[in-house]
Amino acid sequence: MTLTPSTVASPSTRASASGAPLAKQRRVRGPTRGKRIKRIIAENKGERIPAYVTPGMRAFWGINANKVASEIGTQIRWICPIQGFYSSWNNVSDEYKNLILQAVRDKFKVTENDVEGTELVEQVFNEKANLLYKDWKWRMNDFYTKTAKTAGLDAYQHPFQKMPLDDWKYMIDHVFKDPKREADREKQRIANEGNDDDGNGDDGGNT
């Protein structure tokens, strides 16, 4: 079964496929963002950069595999909203997902047996995006924790990677300090302690 990748408006227009503006974005862009990819495309005679997936290894392969993953992470950080932050990639709206993945497809030609848009290709795209979204969220929370608890600084005045202060305040108040999240962490801590207790004294069995 072959799936046709969704065709959506370019994220550079900062508008949705329906014509409505996306959530307000004010991420800081580095001056060299995208230049390396553009140079590689130019060296490839204007063609998209190739990469591939195989059924045996559910991941991007080829010399450009890391570049595909890096571009997915870049587009996630640029397009996904901070205010109204989604708890996971699975909860990100289809509109944002399509914009992110199409922006990557505009630069990379990812195939399975020389065919684009197969079910496996789409699965690998989404699995990688899920991992990168989790990593982004973890790194922001780790930065907040180290700033507030380890360094003893006012976390509100020290945003992650020069994020606008109002966006960073939203992340602290609505994500990192979310009561439900704290309760879930406490449940997980208790569950982990219970697992440790169950394993005390057990030195048998296979590893």
Side-chain angles (χ1 to χ4, degrees), residues 2-41 44 47-53 58-62 64-112 115-141 160-164 167-168 170-171 174-175:
T2 301
L3 302 177
T4 301
S6 303
T7 301
V8 296
S10 168
S12 63
T13 64
R14 315 311 306 146
S16 71
S18 63
L22 286 172
K24 187 177 181 181
Q25 300 290 310
R26 292 181 292 121
R27 301 303 149 73
V28 175
R29 282 182 153 190
T32 61
R33 181 184 180 276
K35 286 186 177 180
R36 184 164 177 264
I37 296 298
K38 290 178 181 178
R39 185 182 70 250
I40 295 172
I41 292 175
N44 200 39
E47 298 294 327
R48 287 177 297 155
I49 303 168
Y52 63 92
V53 301
R58 299 172 62 87
F60 299 117
W61 281 88
N64 299 311
N66 288 340
K67 297 183 184 72
V68 181
S70 178
E71 184 65 16
I72 294 173
T74 295
Q75 294 299 332
I76 285 174
R77 294 188 298 273
W78 177 242
I79 292 175
C80 283
I82 289 295
Q83 301 203 29
F85 189 80
Y86 295 99
S87 60
S88 70
W89 174 254
N90 290 335
N91 293 330
V92 173
S93 71
D94 288 341
E95 181 179 33
Y96 286 120
K97 285 182 179 178
N98 288 338
L99 283 167
I100 290 164
L101 298 184
Q102 186 63 44
V104 179
R105 293 188 189 103
D106 287 345
K107 301 177 181 70
F108 294 89
K109 183 178 181 179
V110 182
T111 61
E112 176 193 7
V115 179
E116 283 190 89
T118 67
E119 186 172 3
L120 178 60
V121 169
E122 299 305 299
Q123 287 175 353
V124 172
F125 263 117
N126 277 285
E127 287 171 4
K128 177 57 70 173
N130 181 51
L131 291 174
L132 291 168
Y133 195 91
K134 285 181 179 178
D135 179 70
W136 181 39
K137 182 179 179 181
W138 181 88
R139 287 189 295 112
M140 286 192 287
N141 182 67
F160 178 76
Q161 295 184 349
K162 299 182 180 180
M163 182 180 292
D167 284 351
W168 185 236
Y170 181 94
M171 287 298 297
H174 297 275
V175 180

Can any side-chain N or O of [X] pair as donor or acceptor with the backbone N or O of [Y] at less than 3.5 Å?
| X | Y | answer |
| --- | --- | --- |
| Lys107 | Ile49 | no |
| Asp135 | Leu131 | no |
| Tyr96 | Ile79 | no |

Over all heavy atoms of both residues, which pair between [X] and [Y] is shortest? Give the atoms and the distance, please.
| X | Y | result |
| --- | --- | --- |
| Phe108 | Asn64 | CE2-O, 4.4 Å |
| Lys137 | Ser87 | NZ-O, 3.1 Å |
| Met171 | Ile82 | CG-CG2, 3.6 Å |
| Cys80 | Trp136 | CB-CZ3, 4.0 Å |
| Tyr86 | Asn91 | CD2-O, 3.0 Å |

Taking C-beta and beyond as the side chain, do Glu71 and Gln75 meet within less than 4.5 Å on heavy atoms?
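Glu71 reaches Gln75 side chain to side chain.
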Working to the nearest 0.5 Å, report the span between [atom1] of [X] and [atom2] of [Y].
| X | Y | atom1 | atom2 | answer |
| --- | --- | --- | --- | --- |
| His174 | Gln83 | NE2 | CD | 8.0 Å |
| Ile100 | Thr74 | CD1 | OG1 | 11.0 Å |
| Asn90 | Asn126 | CG | CG | 8.5 Å |
| Glu127 | Leu132 | CD | CG | 12.0 Å |
| Asn130 | Gln123 | CG | CD | 13.0 Å |

Glu112 bridged to Arg58 by N-O distance under 4.0 Å
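Between Arg58 and Glu112 there is no salt bridge, as every charged N stays at least 4.0 Å from the carboxylate O atoms.
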Checking Phe60 now: which residues fulfil side chain to side chain contact (heavy atoms under 4.5 Å, CB included) with it, not counting sequence neighbours?
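For Phe60 the side chain to side chain contact (heavy atoms under 4.5 Å, CB included) partners, ignoring immediate neighbours, are Val53, Ala65, Val68, Ile72, Val110, Val124, Phe125, Lys128.
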Please tell me whether Gln102 and Asp106 have a donor and an acceptor in their side chains that are separated by less than 3.5 angstrom.
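Side-chain D/A pair, Gln102 to Asp106: present.
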